[in-house]
Amino acid sequence: HAADAHRTDLMTITRFVLNEQTKHPESRGDFSILLSHIVLGCKFVCTAVNKAGLAKLLGLAGETNVQGEDQKKLDVLSNEVFIKALVSSGRTSILVSEEDEEATFVEPAKRGKYCVVFDPLDGSSNIDCGVSIGTIFGIYMIKDGHEPTLDDVLQPGKNMLAAGYCMYGSSCTLVLSTGSGVNGFTLDPSLGEFILTHPDIKIPKKGKIYSVNEGNAKNWDGPTTKYVQSCKYPTDGSSPKSLRYIGSMVADVHRTLLYGGIFLYPGDKKSPNGKLRVLYEVFPMSFLMEQAGGQAFTGKQRALDLVPEKIHERAPIFLGSYDDVEEIKNLYAAEE
Ligand code: AHM
Ligand code: MG
């Protein structure tokens, strides 16, 4: 269509967030500014990820450059990019990153009212073979009128104001919820802008796919074992589910969100709390799932009700289509 070539009415993520802001007349635009800094971080990491395959040629990650300095690994680089972008926004007080043992407390002159928890580059085992990886983030508001403390981030996931992820895959896709639904944006590399391509994402009520590392099956508990067995050998006359597992949470959750189904990283005998981290993996993805009409469960409770005690704490997670998560909830309830 000729007219399409000249479309300038595209909904960019900047325009989208500013539109949302006008719904809150009291807003002074702080959230929009914070988000624009996160978006900048995502664009930067996207560029670095896209060049990663040329590392040897260009002297990137892990190689020594012409000055003889060691080049930074992609995950280290991504962490630095996001820390810088978030501090320079002037809108944050506390940052928790998967890459850093301790939380970062922003110096008073640059402080703002938000706390950001994030995994700058998740799916590290997939970096060197060019498979999709991503950034995951969640945003809390600091409690008013006191010095920021770790308690500001050790809050249940339901207190998050916003959550999202950016997937560096066949295209660069940013999925965001500010608590009123979920929207997906795709980076147009020629414009350098994220364009709204997936408005108001709703996860199918029931799916045909399950996603889990079955190599851990020997150590699973009863309900997880029964559930996965029922995916393969259903007894209610339905067709078996397909298995899809990338081993990159952002990619596995993104597919689950769009196609429906269930993603699980259960606890097992070796790791009773599973592998995934509560603050910056389990919470943001659970927030998005609920906002899209799905569910997220830890095997004991609604994931977003969990109150973390440590910033790098782990929890088992079952998330996805409403009906599929309901089944696993029933299996755990029957155990008690
Ligand atoms: P990472 O933070 O070291 O990258 O680990 C997290 C990743 C997730 O993206 C993914 O869901 C999971 O680890 C896969 O784990 P496993 O290899 O045990 O299946
Ligand atoms: Mg991770």
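One-based numbering, in listed order, for ligands and for the atoms of each. From a predicted model like this one, the values you see are computed outputs, not experimental measurements.
D122 OD2, 2.5 Å is the protein heavy atom nearest to atom 9 (O) of ligand 1. Regarding atom 12 (C) of ligand 1, its nearest protein heavy-atom neighbour is K275 NZ, 3.8 Å. Atom 19 (O) of ligand 1 has Y245 OH, 2.5 Å as its closest protein atom, hydrogens excluded (heavy atom only). When only non-hydrogen protein atoms are considered, atom 3 (O) of ligand 1 lies nearest to S124 OG, 3.2 Å. Residue, atom and distance of the protein heavy atom nearest to atom 2 (O) of ligand 1 are E98 OE2, 2.6 Å. Summary of contacts: the protein heavy atom closest to atom 18 (O) of ligand 1 is Y265 OH, 2.6 Å.
Applying the 4.0 Å criterion to heavy atoms of N213 picks out, from ligand 1, the atoms 16 (P), 18 (O), 19 (O). Residue G247 has at least one heavy-atom neighbour below 4.0 Å for each of these atoms of ligand 1: 9 (O), 10 (C), 14 (C). When each atom of ligand 1 is checked for a heavy atom of M249 under 4.0 Å away, the hits are 8 (C), 9 (O), 10 (C), 11 (O). Near S248, the atoms of ligand 1 lying under 4.0 angstrom from a non-hydrogen atom of the residue are 9 (O).
Between Y280 and H312, the ring planes lie perpendicular to each other; the angle is over 60°, past the 30° to 60° tilted range.
Counting only protein atoms, the N, O or S atoms lying less than 2.8 Å from the Mg ion (ligand 2) are E98 OE2, D119 OD2, D122 OD1, E281 OE2, ordered by chain and residue number.
In the model, S124 has no side-chain atom that pairs as donor or acceptor with a side-chain atom of D75 under 3.5 Å. A donor atom on one side chain and an acceptor atom on the other are found under 3.5 Å apart for D221 and Y332. No donor-acceptor contact under 3.5 angstrom links the side chains of S321 and D323, judged on distance only. No side-chain donor-acceptor contact under 3.5 Å links E290 and Q295. R255 and S211 form a side-chain donor-acceptor contact under 3.5 Å, judged by distance and modelled atom types alone. In summary, the side chains of N79 and D100 do present a donor paired with an acceptor at a separation below 3.5 Å, with no hydrogens or angles considered.
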What's the verdict on ring pair (Phe, Tyr, Trp, His ring centres under 6.0 Å) for F185 and F16, showing C-alpha distance, side-chain angles and the deciding distance?
CA-CA 10 Å; F185 304 82; F16 181 87; 5.3 Å; yes
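Not a single heavy atom of R277 sits less than 4.0 Å from an atom of ligand 1. Using a 4.0 Å cutoff on heavy atoms, D252 does not count as a contact of ligand 1.
Counting only heavy atoms from C-beta outward, the side chains of F283 and V117 never approach each other to under 4.5 Å.
Residues T173 and F194 approach most closely at C-CE2, 4.5 Å, considering heavy atoms. Closest heavy-atom contact between K270 and P272: O-CD, 3.6 Å.
Not a single N or O atom of L276, backbone or side chain, sits closer than 3.5 Å to an N or O atom of ligand 1. Residue-to-ligand polar distances keep N216 apart from ligand 1: every N/O pair is separated by 3.5 Å or more. Close N/O approach between L121 and ligand 1 is not found [any backbone or side-chain N/O within under 3.5 Å].
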Cut-off 3.5 Å, no hydrogens considered: what does the side-chain donor-acceptor table look like for residues 36-49, sequence neighbours left out?
| residue | atom | partner | partner atom | Å |
| --- | --- | --- | --- | --- |
| S36 | OG | I33 | O | 2.7 |
| H37 | ND1 | A85 | O | 2.9 |
| K43 | NZ | G192 | O | 2.7 |
| T47 | OG1 | K43 | O | 3.0 |

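Once rounded to the nearest 0.5 Å, the distance linking CG of D122 with OG of S78 reads 11.0 Å.
When ring centroids are compared, Y245 and Y210 stay outside the 6.0 Å threshold.
For D119, every heavy-atom contact with ligand 1 shorter than 4.0 Å involves the side chain, none the backbone.
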